[in-house]
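One structure is given below, encoded as structure tokens.
Counting begins at 1 with the first residue of the sequence. Remember, predicted model here, so these are calculated numbers, not experimental data.
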Amino acid sequence: MLKQRVITAVVLIAVLLVAMILPSKWPLALLLTIIAASAVWEWLRLSWPEHSAWLAPGLGFLSFLAMLALLVGWQPVELQPWADAIRAQFFMILLPLVVLYWVIGVSLMLGFAQVDHPSAKPALSVFGVVAVLVAWASLNEMLQYRNAWYLLSMMAIVWVADIAAYFCGRAFGKAKLAVRISPGKTWAGFVGGVIGVVIYIVLTAQIDGSYAHALTVRWSWPLVILIAAGLAALSVMGDLFESLLKRRAGVKDSSNLLPGHGGVFDRIDALIPVAPVALLLGGPFLEVAKLVH
């Protein structure tokens, strides 16, 4: 099992690095699109009614085609009018609504630890498709209007939070964070993850072009620290929410697409709520929004 996990991780890292260093942004954009479409399919596997589960792969494929079309239309050099109109809906309407649902709706679901509720919820399926699409659009926006390094430095927030939470939880974890949803998570791990992200933001803020540097340009240091802590907390929320969906569905992993790691959704669950909030707070959303009619 460990060997399989390591091999899969090495392959994934290699693919990501190759996509990043290529001169064109298209390979990385296509990779993000494939990842997002896979996550849509896996989310629907957990939330879609069992009697019509056969629709989930089709909807995942349709979401891939839709994102691919938007990717073509959203190219900054040749921004298509039809795509620009849809882009306006994404960033001016859908994105704030999705963020609001994460902060309020998902928080309430996690707070009440509704693990015994039916997994097949049409509302959760709709939210899943929209949430993944908005996260994908946010990541693509960072890539197209900033660069791959900026995007990677933002995504690393989630990885730092996860790694710091793991080691702090193992070393100091006693009090459980959400025992009914994810028994392995502890308050010590949560606090460790937040501290880890704050340290990461402080260190990388010194690097021009990084996400942390963009935050310091836009916000005062006290607010930057609060933003770092908030993004770390959101990453935990995304992780816990997927755990809640899996417990309701009675499965261990969202799929077996990644040998030794489960599914794509299992790997990006924390990134889905973080990406749109990171875009709102770090830009270029605030500048780009002025260009939207």
*Mark yes or no for whether Ser125, through its side chain, and Ser47, through its backbone, hold a donor-acceptor pair below 3.5 Å.*
yes
*Could you check Trp136, Trp82, Tyr145 and say which one makes a ring-ring contact (aromatic ring centres under 6.0 Å, His included) with Trp74?*
Trp136
*Can you see which heavy atom on Met20 is nearest to which on Ala148, and at what distance?*
CE-O, 3.6 Å
*Exam field: side chain Tyr200 to backbone Ser153, donor-acceptor pair closer than 3.5 Å*: yes
*Would you give the length of the straight line joining atom CH2 of Trp159 to atom CE of Met155, rounded to the nearest 0.5 angstrom?*
4.5 Å
_Worked check of side-chain contact (heavy atoms from CB on, under 4.5 Å) between Arg45 and Phe265_ = CA-CA 11 Å; Arg45 288 182 77 237; Phe265 189 19; over 6 Å; no
*For Gln144 against Ala29, the heavy-atom pair lying closest together*: NE2-CB, 4.0 Å
_Distance (rounded to the nearest 0.5 Å) between Ser138 OG and Leu133 CG_ = 10.5 Å
*Does some side-chain heavy atom of Val130 sit less than 4.5 Å from a side-chain heavy atom of Leu97?*
no
*If only atom types and distance count, is the side chain of Glu242 paired as donor or acceptor with the main-chain N or O of Gly238 below 3.5 Å?*
no
*Indicate the atoms forming the closest heavy-atom contact of Pro183 with Arg247, along with that distance.*
CD-NH2, 3.2 Å
_For residues Val217 and Val277: do they belong to one hydrophobic cluster (side chain heavy atoms under 4.5 Å, members Ile, Leu, Val, Met, Phe, Trp, Tyr)?_
no
*Would you indicate whether the side-chain heavy atoms of Leu281 and Trp219 approach each other to under 4.5 Å?*
yes
*What residues, two or more places apart in sequence or in another chain, satisfy ring-ring contact (aromatic ring centres under 6.0 Å, His included) together with Phe127?*
Trp43, Tyr101, Trp102
*Nearest-0.5 Å distance that lies between atom CD1 in Ile207 and atom NE2 in His213*: 10.5 Å
*Say whether Leu226 and Leu203 are linked into one hydrophobic cluster, either directly or through other cluster members, by side-chain heavy-atom distances under 4.5 angstrom.*
yes
*Residue pairs involving residues 220-241 (criterion side chain to side chain donor-acceptor pair (under 3.5 Å); sequence neighbours excluded)*: Lys185-Asp239
*What pair of heavy atoms forms the shortest contact from Lys25 to Leu143, and how long is it?*
NZ-O, 3.0 Å
*Does a side-chain heavy-atom distance below 4.5 Å link Leu177 with Val236?*
yes
*Does one hydrophobic cluster hold both Val202 and Tyr150, with members joined at side-chain heavy-atom distances below 4.5 Å?*
yes
_Chi angles and distances behind the side-chain contact (heavy atoms from CB on, under 4.5 Å) call for Met142, Leu279_ = CA-CA 7 Å; Met142 294 182 208; Leu279 179 68; 3.8 Å; yes
*Shortest non-hydrogen contact from Phe90 to Ala137?*
CD2-CB, 3.7 Å
*So how far is it from Asp266 CG to Ser255 OG, rounded to the nearest 0.5 Å?*
7.0 Å
*Evaluate the side-chain proximity of Leu258 to Leu12: yes if any heavy-atom separation is below 4.5 Å, no if none is.*
yes
_Val98 to Ala131 - nearest heavy-atom pair and separation_ = CG1-CA, 4.1 Å
*Answer yes or no: is there a side-chain heavy-atom contact under 4.5 Å between Val134 and Val99?*
no
_Let me check something: do Leu139 and Val72 share a hydrophobic cluster, defined by ILVMFWY side-chain heavy atoms less than 4.5 Å apart, either directly or through other members?_
yes
*asked:* In the structure I gave you, are the side-chain heavy atoms of Thr216 and Ile201 within less than 4.5 Å of one another anywhere?
replied: no
*With a 4.5 Å limit on heavy-atom distance, are the side chains of Leu124 and Met109 in contact?*
yes
_Tell me whether Tyr211 contacts the main-chain N or O of Ala278 through its side chain, where contact means a donor paired with an acceptor under 3.5 Å._
yes
*Give the C-alpha distance, both sets of side-chain angles, the deciding distance and a yes or no for side-chain contact (heavy atoms from CB on, under 4.5 Å) between Val194 and Val191.*
CA-CA 5 Å; Val194 170; Val191 173; 5.7 Å; no
*Answer yes if Phe172 and Ile199 sit in the same cluster of Ile, Leu, Val, Met, Phe, Trp and Tyr residues linked by side chain heavy atoms under 4.5 Å apart, and no otherwise.*
no
*Glu42 side chain to Ser254 main-chain N or O, any donor-acceptor pair under 3.5 Å?*
no
*With respect to Leu215, which candidate in Leu223, Ile225, Thr204, Ile227 satisfies the side-chain contact (heavy atoms from CB on, under 4.5 Å) definition?*
Ile227
*At what distance, to the nearest 0.5 angstrom, does OG1 of Thr33 lie from CG of Leu28?*
9.5 Å
*Dump the intermediate steps for side-chain contact (heavy atoms from CB on, under 4.5 Å) on Leu59 and Ser63, then the final yes or no.*
CA-CA 6 Å; Leu59 291 173; Ser63 69; over 6 Å; no
*Keeping the roles fixed (side chain from Lys246, backbone from Asp253), state whether a donor-acceptor pair exists under 3.5 Å.*
no
*Say you draw a straight line from CG of Leu70 to CG of Asn140; how long is it, rounded to the nearest 0.5 Å?*
9.0 Å
*Contact check, side chains of Leu257 and Ser38, non-hydrogen atoms, under 4.5 Å*: yes
